[in-house]
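Letters A, B, ... are given to chains in the order of the sequence lines, protein chains preceding strands, and every chain is numbered from 1.
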There are 2 protein chains.
Amino acid sequence: MNETTLCPRLAKAMDLIGKRWTGLILYQLLDGSQRFNEIESALPVSGRLLSERLKELEKEGLVERKVYSEVPVRVEYSLTEKGRALEGAIRNIESWATNWL
Amino acid sequence: MNETTLCPRLAKAMDLIGKRWTGLILYQLLDGSQRFNEIESALPVSGRLLSERLKELEKEGLVERKVYSEVPVRVEYSLTEKGRALEGAIRNIESWATNWL
DNA sequence: TATATTTAATTACAAAAAGTAACTTAAAAT
DNA sequence: ATTTTAAGTTACTTTTTGTAATTAAATATA
């Protein structure tokens with residue numbers, strides 16, 4: 001495998017948001033801040049991977065994690081500005097899916 | 001894992017174009033019809049997976065495969081209308097990548 | 001004090017997908 | 001018969017995912 005890529009930034013974007021479940025997680029978060037279990041229930045993703053993906057998205061600055069020290073603990077995830085900036089792209093894919101699938 | 005998904009069509013789209021390398025393969029084909037080796041050289045994808053992905057994309061009707069019986073054989077891949085319809089979404093991601101990565 | 005409850009994870013292990021490199025096929029030129 | 005070249009395929013290793021059980025934390029309850 002060579003390492004020449006036409007557009008390294010697009011490659012990184014694809015690697016990030018093209019990772020399994022990530023697109024759907026972001027789509028789900030377009031509806032607003034949500035807690036861990038809400039996202040887990042809304043998507044066919046297991047807790048293990050949801051946790052992993054949310055960590056990646058947080059690290060990349062697309063998602064913000066907020067802990068509320070209630071009983072039991074409540075953790076809410078929401079899109080940052082960088083994450084919300086993907087809304088157009090996601091809506092575009094959604095619209096393609098509606099028209100072509 | 002549950003199976004309830006807000007938008008089954010978006011889920012399918014994400015499963016398809018979110019598969020590793022698929023986004024970049026489509027992006028590469030936006031430049032026009034290209035042969036197997038051209039795509040393989042342009043992207044950090046191995047022949048094994050490129051072959052697999054192109055087959056999936058052909059099966060889903062996003063890509064067309066044309067064989068030219070020259071010596072040695074020439075095989076060209078190009079986007080169908082359905083595939084080209086993704087251009088907006090891909091450009092959108094590209095533009096996000098430029099602005100945010 | 002010990003046990004129960006609830007959300008948000010983490011761990012352990014099996015299964016599937018991806019990475020890597022060598023090999024095969026086909027068709028014609030030497 | 002051997003060589004050449006593009007387009008794959010195969011065999012094998014490594015990484016990622018799927019699944020289910022387990023842990024952590026903070027309080028309420030017996």
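- For B/W21 and C/dG19, the shortest distance from a side-chain N or O to OP1 or OP2 is below 4.0 Å.
- Interface residues of residues 48-71 of chain A facing DNA chain C, ordered by number: A/R48, A/S51, A/K55, A/R65; criterion, heavy-atom separation under 4.0 Å.
- Per the geometry, CG belonging to B/D15 stands 15 Å off P belonging to C/dA16, to the nearest Å.
- Under the side chain to side chain contact (heavy atoms under 4.5 Å, CB included) criterion, A/E56 pairs with A/K19, A/E52, A/R53, not counting sequence neighbours.
- When the local axes at the two ends of the helix from C/dT1-D/dA30 to C/dT30-D/dA1 are compared, using 5 base pairs at each end, they differ in direction by 40° after rounding to 10°.
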Show which side-chain atoms of residues 80-92 of chain A pair as donor or acceptor with protein atoms under 3.5 Å away, not counting sequence neighbours.
residue: A/T80; atom: OG1; partner: A/G61; partner atom: O; Å: 2.5
residue: A/T80; atom: OG1; partner: A/L62; partner atom: O; Å: 3.2
residue: A/T80; atom: OG1; partner: A/K82; partner atom: N; Å: 3.3
residue: A/T80; atom: OG1; partner: A/G83; partner atom: N; Å: 3.2
residue: A/K82; atom: NZ; partner: A/E60; partner atom: O; Å: 2.8
residue: A/R84; atom: NH1; partner: A/L79; partner atom: O; Å: 3.0
residue: A/E87; atom: OE2; partner: A/R91; partner atom: NE; Å: 3.1
residue: A/E87; atom: OE2; partner: A/R91; partner atom: NH2; Å: 3.2
residue: A/R91; atom: NH1; partner: A/E94; partner atom: OE1; Å: 3.3

Please tabulate, one pair per line, all N/O donor-acceptor pairs under 3.5 Å involving side-chain atoms of residues 65-73 of chain A, not counting sequence neighbours.
residue: A/R65; atom: NE; partner: A/Y77; partner atom: OH; Å: 3.2
residue: A/E70; atom: OE1; partner: A/R74; partner atom: NE; Å: 3.1
residue: A/E70; atom: OE2; partner: A/R74; partner atom: NE; Å: 3.2
residue: A/E70; atom: OE2; partner: A/R74; partner atom: NH2; Å: 2.7

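- Remark: B/T98 pairs with A/R9 by the side chain to side chain contact (heavy atoms under 4.5 Å, CB included) rule, at least two apart or across chains.
- Across the protein-nucleic acid pair, B/E76 atom CD and D/dG8 atom P stand 12 Å apart, rounded to whole Å.
- A salt bridge (charged side-chain N to carboxylate O under 4.0 Å, His left out) check over residues 25-36 of chain B, counting only residues at least two apart or in different chains, returns nothing.
- Nearer the 5' end of DNA chain D, as judged by each residue's closest nucleotide, is the contact made by A/K19, out of A/K19 and A/P72.
- Every side chain to side chain contact (heavy atoms under 4.5 Å, CB included) that B/S33 has, sequence neighbours left out, goes to B/E76, B/S78.
- Residues A/V73 and A/R20 both approach DNA chain D. Their nearest nucleotides, taken by heavy-atom distance, put A/R20 toward the 5′ side.
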